[in-house]
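Below: one structure, written as C-alpha cells.
For ligands, and for the atoms within them, numbers begin at 1 and follow the listed sequence.
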Amino acid sequence: MSTRKGVVRFSISLPPKLVNEFDEAWKSMGYDNRSKAAHDAFRSFISEHKWTREEAEEIVGAIVLVYYLDKPGLLNEIIRLQHEFESVVSSVMHVHLAKDKCLELIAVKGKVGKVRELSQELAAKKGVKQLKFAAIAL
Ligand code: NI
C-alpha cells in the first residue's frame, strides 16, 4: 500500500469474471475510469454498512438474494432462518430464475439490528451468490 497526494494505492484480488462485469457496468454508466467507479462502489458499501449499525431504529425494507438449489440443505436453511426471524419477516416472494438458481425477495419490518442479523446470516450461507438489502427508514 502506498499513499501519495491524498490517495492510497493498493492491490486487491478478484475473480476475472467479476472484474469484467464491474468494468462493463461502470462503462455503461458513463464513468471515465475504474478508480472513480470503485470509489463510488466503496462509498455505497460503507454507507449501507453504517446505516445498518443503528440497531434500535425501526425500518422496513427488502432482502433480495440469489442462490443455488444444488447446495445441499441450503433451501431448508433459508426457510429455517425465515422462521427463526419471523418477528421481522413480513412476506416472501420466490422466483425460479433457472433450473438450479432461485431468487428470494424477503420483505422485512422491524428493528435494524434484527433485520441486519437475518441479512448477514443469509449472506454467509454457502451457495448464496449475492444478497442485497434495500432499507427505508420509517
Ligand atoms: Ni426456485
Number of protein N, O or S atoms [distance to the Ni ion (ligand 1) under 2.8 Å]: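 The number of such protein atoms is 3.
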If I take atom CG from residue Leu75 and atom OH from residue Tyr67, how far apart are they, to the nearest 0.5 angstrom?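 That separation rounds to 4.5 Å.
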By side-chain hydrogen bond (donor to acceptor under 3.5 Å, both in side chains) - contacts of Asp40 (at least two apart):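 Only Tyr31, Lys36 meet the side-chain hydrogen bond (donor to acceptor under 3.5 Å, both in side chains) criterion with Asp40.
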Quick one: salt bridge (charged side-chain N to carboxylate O under 4.0 Å, His left out) partners of Asp23, sequence neighbours excluded?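 If we apply the salt bridge (charged side-chain N to carboxylate O under 4.0 Å, His left out) test to Asp23, skipping adjacent residues, the hits are Arg34.
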Is Trp26 reachable from Val19 through a run of I, L, V, M, F, W or Y residues, each pair having side-chain heavy atoms under 4.5 Å apart?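 As far as the 4.5 Å side-chain criterion goes, Trp26 and Val19 are not connected within one cluster.
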Sequence neighbours left out, cut at 3.5 Å: what donor-acceptor pairs do the side chains of residues 122-129 make with other protein atoms?
residue : atom : partner : partner atom : Å
Lys125  : NZ   : Glu77   : OE2          : 3.2

Identified side-chain contact (heavy atoms from CB on, under 4.5 Å) partner of Phe133 from the options Ile59, Val64, Ile106: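 That would be Ile59.
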